[in-house]
Amino acid sequence: MGVNFACFWQFSVIAKKAGGERRLLRDAILPLIGFAFCGVIWFNLNVHAKTVGGIWFRQSGYSTWDTRRTGSGRSRWMIDFSDN
C-alpha cells in the first residue's frame, strides 16, 4: 500500500508542483486502484495474519531506525557470517 501511495504522491502531487507532464491514468488512477485493492486484501485478513504482519512491520522499522541511529550503515542485530 505504501508503494502505491508513494507512486501517486511522487507522480501526481510532486510532479505537478514541479511542472512535469501529467498523465492522469498512469500517474494517479492506477496507483490509487492498487492502494484500494491492497487495502481490501488487508482488511479481509484474519486476526493472526494481521498480528504477525504488524510485528514484522514494527521489527523492520526498529532495524531501520537502529541502522540510521548508529550511522554505521549496519544494524547491531545483523549476524556476521565471515570467517575472520
Side-chain angles (χ1 to χ4, degrees):
M1 289 175 64
V3 170
N4 290 309
F5 187 75
C7 180
F8 164 75
W9 191 260
Q10 178 69 36
F11 294 109
S12 295
V13 177
I14 294 175
K16 181 180 177 184
K17 290 179 184 177
E21 180 185 349
R22 292 278 313 234
R23 294 178 297 262
L24 184 63
L25 178 67
R26 189 165 64 179
D27 294 341
I29 295 173
L30 290 177
L32 291 176
I33 289 172
F35 181 84
F37 183 77
C38 291
V40 169
I41 292 172
W42 181 83
F43 183 74
N44 288 313
L45 289 174
N46 67 29
V47 138
H48 298 296
K50 287 180 186 177
T51 302
V52 170
I55 292 169
W56 184 289
F57 182 73
R58 184 177 59 205
Q59 182 58 38
S60 68
Y62 287 153
S63 296
T64 302
W65 171 79
D66 183 59
T67 301
R68 290 181 180 176
R69 182 183 61 84
T70 59
S72 66
R74 285 188 56 184
S75 175
R76 290 182 292 149
W77 301 319
M78 290 181 68
I79 299 171
D80 185 13
F81 289 107
S82 66
D83 292 334
N84 297 334

**Request:** Would you kindly confirm whether W9 and V3 end up in one hydrophobic cluster when ILVMFWY residues are joined by side chain heavy atoms under 4.5 Å apart?
**Result:**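 Cluster IDs for W9 and V3 differ.
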**Prompt:** Cluster question for you: counting only ILVMFWY and a side-chain heavy-atom cut-off of under 4.5 Å, with indirect links fine, are F57 and F35 together?
**Reply:**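 No; F35 is not reachable from F57 via cluster members.
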**Prompt:** What's the spacing between I29 CD1 and F8 CZ if we round to 0.5 Å?
**Reply:**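 So the gap between those two atoms works out to 10.0 Å.
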**Request:** Supply the atom-to-atom distance L30 CG to L25 CG, rounded to the nearest 0.5 angstrom.
**Result:**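 One finds 4.5 Å between CG of L30 and CG of L25.
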In residues 36-50, what donor-acceptor pairs under 3.5 Å come from side-chain atoms, sequence neighbours left out?
{"unit_1": "N44", "atom_1": "ND2", "unit_2": "V40", "atom_2": "O", "d": "3.0"}
{"unit_1": "N46", "atom_1": "OD1", "unit_2": "H48", "atom_2": "N", "d": "3.1"}
{"unit_1": "N46", "atom_1": "OD1", "unit_2": "A49", "atom_2": "N", "d": "2.8"}
{"unit_1": "K50", "atom_1": "NZ", "unit_2": "F43", "atom_2": "O", "d": "3.4"}

**Request:** Could you list the residues that satisfy side-chain contact (heavy atoms from CB on, under 4.5 Å) with F11, not counting sequence neighbours?
**Result:**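 Partners of F11 by the side-chain contact (heavy atoms from CB on, under 4.5 Å) criterion, ordered by chain and then number, come out as C7, D27.
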